[in-house]
Enquirer: 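Sending over a structure as structure tokens; questions will come in a sec.
One-based numbering along the sequence shown.
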Amino acid sequence: MSKPEPLATPPSHEELRLQRLRALYPELDTEGGRVDPQRLAGLIPGDSLDPGPERYGLSWNGKRAAQQALALGPTGALRPCPEESLDWETTRNVFIEGENLETLRIMLKPYFRKVKMIYIDPPYNTGGDFIYKDNYTAPVADYLKKTGQADEAGNLLVSNPESSGRYHSDWLTMMYPRLALARELLREDGVLFCSIDDHEVHNLRLLLNEVFGEENFVAAIAWERADSPRMDADYFSTKHEYVLCCARNLAAFRVIRSEYEGEEVPDHYNRVDGHGRRYYLKPLRAMGGQGETREARPNLYYAISAPDGSEVFPKLEDGRDGAWRWGQEKLARERARIEWTGSASEWTPYYRIYADESHGRPPETMVFAKDVGSNRTATAELKALFDEGRPFDAPKPVGLLKHLVSMACDPESLVLDFFSGSATTAHALIDLNNADGGNRRYILVQLPEPTEREDYPTIADIGKERIRRVAARIREERAGQLDLEQRETPLDLGMRVFKLGASSLADNRHEATTEGRPDQDGDYAAALQGSLDTLLPDWRPEDLLWEVLLREGLPLDCRIETLTAGPQTVYRATDPDTDGDGAERRLYVCLDDAVSDEPLVALLGEDRNARLVCRESALADDSVAQNLALHCRLVTL
């Protein structure tokens, strides 16, 4: 007999990792359903080596608490705010006002492995700025107090002076769980960019190595943030900051090269073959120094036949045995590219690199202000949007974000920024889409940090207003113009706004509500039915709907239709991104106080795989639940 199933509890970061571990090693499970660490140790090759505590790694005061925080699932909910949004019904862009650690927990199920690129600009920990102080045990309650939404007000951030004794530790404790969750949201070919300066760049590099794996580090990009020197500098005038780049899986990540303009081909392609193809030569002998010797790379030391039949081995300038760049298998495949210079005993092999195969210019680790803008540029961009003057200190230039997105994302990518500040990331994506017809989407998360301004009380307010003004500027530019673009979808200038708040669901079903509980004169049956309700007294249908959708794995840009089934209101949510087989992901939700099975069965039709969520207290009796469970996948809350 089919039975309803309870609404899913959102998984934590650690639960998802354990699921994957069990899939790889089913023998780890014990009778109690727990993973046996001793069995796991027996499966790790070489685990008997170096059993002592002295191992290379990054450690700090607070690391254990930060790791344990990953075992916690979300306790809050994202509440819709259509009144602060743009094009709510059609947009796929999302702006979330709230604390980012709890928000990342909420996003873990619906956005697991779906984000192509993450860019963040976290606090640099300069000693004069602030960091997030997390309350792992009561994150949402603490957040609501700090933002003035609960009885007790407090500060959103805490200062972190160098004299605190835990200057670096507090920053690492703040960053670790956020980066760990961020990695789980990235696609297999996804990438993370993180802005930072000299205060924590060394620690961030080690932290990224721990979270992403050292083998997935891509590059440390130096960005010229200042276009003029600081004459009052005590020692050096610092002109640069860093953007550290890590791939989720370096083998899957592909960087996008910039196209050469017009017929331009760099001068170093200075040769032409018999077919008119331009190329240049590169020595086949590895030129990397001490690491490219026969001792270091013995498999790359072998003889190659020269044009006269003599054998040529790789030799260093000092006469020592060196190494070739290619192994013997690749040499056999690419032999047509080999070109020899010299003669007799002085043969030297080179290989051809063709201009038409280079796929453009690779991005470089030096990014200059003349190309992407500086801090001065970013300030001017913000002032141009806000007539009231600059509302935000130290924004990033739009050009820098365009540069990062262009080297990492295709035109349909989803980009996440959970330290979004003044919303430069959204500005950059909108401009790129407007220029090239792309459909890049963004999810921004920003804490409502106070600004002491009446017009924009929080930084989140600044970000939302910036997006509105960028959209208005583009609409004004397009007004009266013929739309000659061949876009499959209209340019998305909207955003859905959500705000982090308390859950509408009680933690314990039997403590959910006091309504209808038995007293001396009460009706016990009615009281029992009331005790089944899992909702808190002040719940709202629009908030609960989105909490249910996210728990069931639907994204924040899903389409919602309001239907009727007899007297009942039913919401049908559809994920705009289809599964691999093209099937649409749909969910039906009915939050009415009472549910009739026959109208719902008629609405669902013959789709036995349809998923329906309703309140357990709304089911009149077992027969209603059983009939619905026979015709669909029934979920109760």
Side-chain angles (χ1 to χ4, degrees), residues 4-26 28-30 32-37 40 65-78 94 96 98-115 118 134-140 143 176-188 190 211-212 248-249 414 416 418 443 445 498 500-509 534 544-558 573 575 577 579 585 587 589 611 613 633-637:
E5 56 185 274
L7 182 68
T9 300
S12 69
H13 171 273
E14 289 304 319
E15 287 170 341
L16 287 173
R17 299 182 77 182
L18 285 175
Q19 288 174 13
R20 297 200 297 276
L21 188 62
R22 286 189 174 100
L24 288 172
Y25 301 108
L28 294 178
D29 275 337
T30 63
R34 300 175 64 86
V35 170
D36 186 342
L40 177 61
Q67 291 174 324
Q68 292 172 344
L70 294 174
L72 302 176
T75 59
L78 298 181
V94 176
I96 301 172
E99 193 276 321
N100 55 16
L101 180 58
E102 179 66 11
T103 299
L104 289 171
R105 289 190 180 118
I106 294 171
M107 292 177 61
L108 188 56
K109 183 174 182 179
Y111 288 98
F112 183 71
R113 300 285 194 272
K114 290 186 177 181
V115 177
I118 295 175
D134 296 313
N135 184 335
Y136 296 134
T137 57
V140 177
Y143 165 76
Y176 178 84
R178 290 167 171 82
L179 288 174
L181 290 169
R183 179 181 178 273
E184 299 298 340
L185 298 177
L186 284 173
R187 291 171 12 182
E188 193 67 12
V211 174
F212 284 79
R248 192 188 188 284
N249 179 357
L414 174 61
L416 169 65
F418 53 87
I443 299 177
V445 185
F498 293 83
L500 179 64
S503 170
S504 299
L505 297 167
D507 293 333
N508 188 317
R509 289 183 172 228
T534 62
L544 178 59
L545 173 62
W546 280 102
E547 185 170 1
V548 168
L549 297 180
L550 290 169
R551 286 195 176 208
E552 288 292 301
L554 272 78
L556 290 164
D557 60 347
C558 65
D575 185 348
D577 293 320
D579 293 331
R585 293 184 60 227
L587 183 71
V589 181
R611 198 168 178 86
V613 180
R633 299 173 63 190
L634 179 62
V635 179
T636 59
L637 54 87

Enquirer: Which atoms form the tightest heavy-atom contact between G98 and Y143, and what is the distance?
Expert: CA-OH, 3.2 Å

Enquirer: Quick one: side chain to side chain donor-acceptor pair (under 3.5 Å) partners of R183, sequence neighbours excluded?
Expert: none

Enquirer: Please enumerate all residues that pass salt bridge (charged side-chain N to carboxylate O under 4.0 Å, His left out) together with R611, with sequence neighbours excluded.
Expert: E5, E552

Enquirer: Tell me, please, which residues at least two apart from R113 pass side chain to side chain donor-acceptor pair (under 3.5 Å).
Expert: E184

Enquirer: Measuring from I118:CD1 to F418:CZ, what's the distance to the nearest 0.5 Å?
Expert: 5.5 Å

Enquirer: Any side-chain to backbone donor/acceptor pair from K109 onto G553? Under 3.5 Å, distance only.
Expert: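 The answer is no, because no donor-acceptor pair under 3.5 Å joins these two groups.
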
Enquirer: Do any pairs count as a salt bridge (charged side-chain N to carboxylate O under 4.0 Å, His left out) and have a residue in residues 6-15, sequence neighbours left out, and if so which ones?
Expert: E14-R17

Enquirer: Who passes side chain to side chain donor-acceptor pair (under 3.5 Å) against D134, sequence neighbours left out?
Expert: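 Residues passing side chain to side chain donor-acceptor pair (under 3.5 Å) with D134: R178.
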
Enquirer: At their closest point, which heavy atom of E547 faces which heavy atom of G76, and how far apart are they?
Expert: OE2-O, 4.4 Å

Enquirer: Among L549, L587, L545, L544, find the residue that satisfies the side chain to side chain contact (heavy atoms under 4.5 Å, CB included) test when tested with V613.
Expert: L587

Enquirer: From L414 CG over to L186 CG, what is the distance, rounded to the nearest 0.5 angstrom?
Expert: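 With rounding to 0.5 Å, CG (L414) is 10.0 Å from CG (L186).
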
Enquirer: Which residues pass the side-chain contact (heavy atoms from CB on, under 4.5 Å) test with L18, not counting sequence neighbours?
Expert: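 Checked L18 against side-chain contact (heavy atoms from CB on, under 4.5 Å); matches are L21, R22, V35.
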
Enquirer: Taking all atoms of both residues into account, what is the closest heavy-atom pair of P74 and P10, and its distance?
Expert: CG-CB, 3.4 Å

Enquirer: Please evaluate residues N100 and L181 with respect to the criterion side-chain contact (heavy atoms from CB on, under 4.5 Å), reporting the C-alpha separation (whole Å), side-chain torsions for both, the decisive distance (0.1 Å), and the verdict.
Expert: CA-CA 10 Å; N100 55 16; L181 290 169; over 6 Å; no

Enquirer: Which atom names give the shortest non-hydrogen contact between D557 and Y111, and what distance separates them?
Expert: N-OH, 4.1 Å

Enquirer: When you look at L7 and T636, which way does the side-chain contact (heavy atoms from CB on, under 4.5 Å) test go after all the steps?
Expert: CA-CA 6 Å; L7 182 68; T636 59; over 6 Å; no

Enquirer: Output the distance between atom CE (M107) and atom CD1 (I96), rounded to the nearest 0.5 Å.
Expert: 5.5 Å

Enquirer: Rounded to the nearest 0.5 Å, how far does CG of L78 lie from CG of L500?
Expert: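 Going from CG on L500 over to CG on L78, the span is 6.0 Å.
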
Enquirer: To the nearest 0.5 Å, what is the distance between OG1 (T534) and CG (L637)?
Expert: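 So the OG1 of T534 and the CG of L637 are separated by 4.5 Å.
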
Enquirer: Are side-chain heavy atoms of L556 and P110 found at a separation under 4.5 Å?
Expert: no

Enquirer: Taking side-chain contact (heavy atoms from CB on, under 4.5 Å) as the test, write out the residues that go with A69, two or more places apart.
Expert: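 Expected list: R105, Y136.
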
Enquirer: Please name all residues satisfying ring pair (Phe, Tyr, Trp, His ring centres under 6.0 Å) with F212, sequence neighbours left out, ordered by chain then number.
Expert: none

Enquirer: Listed by chain and number, what are the side-chain contact (heavy atoms from CB on, under 4.5 Å) partners of N249, not counting sequence neighbours?
Expert: E188, N216, A251, A252

Enquirer: Give the minimum heavy-atom separation between S12 and L70, together with the two atoms involved.
Expert: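 Taking S12 first and L70 second, the nearest heavy atoms are CB-O, 3.6 Å.
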
Enquirer: Can you tell me which residue pairs pass the salt bridge (charged side-chain N to carboxylate O under 4.0 Å, His left out) test with a partner in residues 67-76, sequence neighbours excluded?
Expert: none

Enquirer: Measure the CG-CG distance between L554 and D575 for me, rounded to the nearest 0.5 Å.
Expert: 5.5 Å

Enquirer: I'd like to check the side chain to side chain donor-acceptor pair (under 3.5 Å) partners of Q67; sequence neighbours left out, ordered by chain and number.
Expert: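 With neighbours one apart ignored, the set is empty.
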
Enquirer: List the atom of W546, the atom of P555, and the distance in Å for their closest heavy-atom pair.
Expert: CZ3-O, 3.8 Å

